[in-house]
Amino acid sequence: MNVLVVGNGAREHAIAWKLSQSPSVCHIYVAPGNAGTHFIATNVPIGAEDIAALIDFASNNAIDLTVVGPEAPLAAGIVDSFTASGLPAFGPSQAAARIEGSKSFAKTLMADCSIPTAASETFTDFEQASAYLATCSIPIVIKADGLAAGKGVTVAQTREQAQDAIRESMLDRAFGDAGDHVLIEECLEGQEVSVFAFVDGEYVSPMVAACDYKRVGDDDIGPNTGGMGSFSPPLPHHWNADIEALVRASIMEPVTKGLIDIGCPYRGILYLGMMHTEEGPKVVEFNCRLGDPETQVILPRLKSDLAENLHATAHGQLRDTQIEWDDRACVGVVAASGGYPAAYSTGYPIEGITEIDYEAIVFHAGTKLQDDEIVTAGGRVLTVSALGDTHEQARVRAYDGINRITFKDGFHRTDIAKH
């Protein structure tokens, strides 16, 4: 197969890296890619949301499968457009991608399917939302309904913070149209776990789980980010065979059937953000793609052929394909630009990548080639991931790797997978 991967982050680098190990893959293209994908694939200067140009490229370059990484083009209907052009693509339809693109849609679907989740109310009027907020217990969660690049959720510890979040979304329109509808949601307590499964419309594959770190600083201090690191699998008391069976029966299979029942069967990676509460697993959110930084710790654990898994999912033949996960642990640590997630500078040379030994893998995110030199080009710059027989062994290997890499003002958390 000739495969086109859409996106430019560490998630897409990890996908291309895993695809490069498949004997069924002939050539990999990444649009637009980054400095890391340059060395294992052909970067194509087309943006992830330029659907028409991506279709032209796939048509003219004998692309057998297009794999869409980010959520925005999925929500915009890229898979529908590729399908209409006779081009196979991996990912859900625009209608099915609403499970991430509209939190109110997901809440309605969960209610109809009796899926456990946080209680919430949706508002389109600022005054009504404010009046309802006055009746709520604190802490409370405020969510912009649509896609907001991971920045539309506030876990408010005070009523004032909650009110500010509603105002920012509905009046200041900080998230554009995504904030026209706002959810005010019960704050769940427990361990959050990211759960992933291939879904081919009807069949839900064996699942894999990870835990990520969203806040910028050690001990979960500071603002939320796109993710500062992760590890997989979660500790056994948060993810084991019994919990997986419960999640399958009470969440993943019911939501898959629910999407069939409303006429939009789901094909792609279904990502469940789950809170392991005292009452059992509850849904925080669904996403319609692989997560970042979780992809960087789950794909190294995938023992089966990713290209075959993707192809079978896209064609509704997942039951006939083996999906097997390595029992070893994997830890990933993100290196970020100074100032992230607020303002930061880029263009700084990155040193030490070639000093990483075979036990660690560098997945590029915000990087680019400039005069044959790898330089920073984003807030989250790269992830160093490593496998180990235990979480601690994987953690030591990942930190040994990331401590060899330097760039001006770069930083990383020091407590990823520290139990």
Side-chain angles (χ1 to χ4, degrees), residues 71 97-124 128-148 150-159 161-166 168-170 175 178-197 207 209-215 220 224 227 234 238-239 243-244 246-256 258-259 270-288 291 294:
E71 63 272 21
R98 288 180 294 169
I99 201 165
E100 177 172 2
S102 171
K103 295 178 180 66
S104 57
F105 169 83
K107 285 290 186 181
T108 300
L109 179 65
M110 284 187 274
D112 291 345
C113 298
S114 301
I115 292 171
T117 186
S120 71
E121 295 288 341
T122 303
F123 297 90
T124 58
Q128 291 178 1
S130 298
Y132 177 78
L133 176 62
T135 70
C136 295
S137 300
I138 300 297
I140 196 78
V141 180
I142 311 299
K143 294 181 175 180
D145 181 64
L147 297 179
K151 299 176 182 176
V153 177
T154 299
V155 180
Q157 301 297 327
T158 67
R159 213 169 295 281
Q161 286 180 344
Q163 186 66 54
D164 288 345
I166 294 171
E168 180 183 35
S169 182
M170 303 186 83
F175 313 113
D180 288 347
H181 294 66
V182 164
L183 280 72
I184 300 179
E185 185 174 280
E186 167 194 14
C187 185
L188 298 176
E189 294 186 1
Q191 174 64 49
E192 191 166 354
V193 178
S194 301
V195 181
F196 301 88
M207 291 175 274
C211 294
D212 72 330
Y213 294 73
K214 294 184 174 65
R215 293 192 180 272
D220 291 329
N224 277 337
H238 294 308
W239 187 254
I243 296 173
E244 179 175 357
L246 179 59
V247 168
R248 173 179 291 277
S250 65
I251 298 174
M252 298 297 266
E253 289 183 344
V255 78
T256 298
L259 287 164
L270 185 57
Y271 167 3
L272 160 66
M274 177 196 89
M275 191 71 77
H276 189 206
T277 73
E278 291 183 354
E279 295 80 32
K282 293 188 178 183
V283 178
V284 176
E285 63 181 1
F286 284 107
N287 292 319
C288 62
E294 295 96 335

Stepwise, does the side-chain contact (heavy atoms from CB on, under 4.5 Å) test hold for Met252 with Leu270?
CA-CA 8 Å; Met252 298 297 266; Leu270 185 57; 4.1 Å; yes
According to side chain to side chain donor-acceptor pair (under 3.5 Å), who are the partners of [X], at least two apart in sequence or on a separate chain?
| X | result |
| --- | --- |
| Thr277 | Glu279 |
| Lys143 | Glu185 |
| Ser130 | Gln163 |

[X] and [Y]: which non-hydrogen atoms are nearest, and at how many Å?
| X | Y | value |
| --- | --- | --- |
| Met170 | Thr124 | CE-C, 3.3 Å |
| Gly179 | Ala144 | CA-CB, 4.0 Å |
| Ala209 | Val193 | CB-CG1, 3.8 Å |
| Phe196 | Gly291 | CE2-N, 3.3 Å |
| Ser169 | Val182 | OG-CG2, 3.4 Å |
| Gly146 | Lys103 | O-NZ, 3.4 Å |

How long is the straight-line distance from [atom2] of [Y] back to [atom1] of [X], given to the nearest 0.5 Å?
| X | Y | atom1 | atom2 | value |
| --- | --- | --- | --- | --- |
| Ile251 | Leu272 | CD1 | CG | 5.0 Å |
| Ile99 | Thr256 | CD1 | OG1 | 8.0 Å |
| Gln191 | Met275 | CD | CE | 8.0 Å |
| Glu186 | Ser137 | CD | OG | 9.0 Å |

Under 3.5 Å, is there a donor-acceptor pair between the side chain of Ser250 and the main chain of Leu246?
yes
Short side-chain to backbone donor-acceptor contact, Asp145 and Ser102, under 3.5 Å
no
Results of side chain to side chain contact (heavy atoms under 4.5 Å, CB included) for [X] - residues two or more places apart only:
| X | result |
| --- | --- |
| Thr158 | Glu160, Gln161 |
| Val155 | Val141, Gln157, Cys187 |
| Ala165 | Ile142, Thr154 |
| Glu244 | Met207, Trp239 |

Can you classify the ring geometry of His238 versus His276 as parallel (below 30°), tilted (30 to 60°) or perpendicular (above 60°)?
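Ring orientation, 0 to 90° scale: perpendicular.
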Could you check if a side-chain atom of Ile166 sits within less than 4.5 angstrom of a side-chain atom of Ile184, using non-hydrogen atoms only?
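Counting from C-beta outward, Ile166 and Ile184 do come under 4.5 Å.
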Could you tell me if the side chain of Val283 sits less than 4.5 Å from the side chain of Met110, heavy atoms only?
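Yes. Closest side-chain heavy atoms under 4.5 Å.
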Check the pair Thr117 / Phe286 against side-chain contact (heavy atoms from CB on, under 4.5 Å), numbers first and verdict last.
CA-CA 11 Å; Thr117 186; Phe286 284 107; over 6 Å; no
Could you walk me through whether Thr122 and Lys107 pass the side-chain contact (heavy atoms from CB on, under 4.5 Å) check?
CA-CA 9 Å; Thr122 303; Lys107 285 290 186 181; 5.7 Å; no
Checking [X] now: which residues fulfil ring-ring contact (aromatic ring centres under 6.0 Å, His included) with it, not counting sequence neighbours?
| X | value |
| --- | --- |
| Phe105 | none |
| Tyr213 | none |
| Phe175 | none |
| His181 | none |

Salt bridge (charged side-chain N to carboxylate O under 4.0 Å, His left out) contacts in which one or both residues fall within residues 109-122, not counting sequence neighbours:
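Applying salt bridge (charged side-chain N to carboxylate O under 4.0 Å, His left out) to every pair that reaches into residues 109-122, excluding sequence neighbours, yields nothing.
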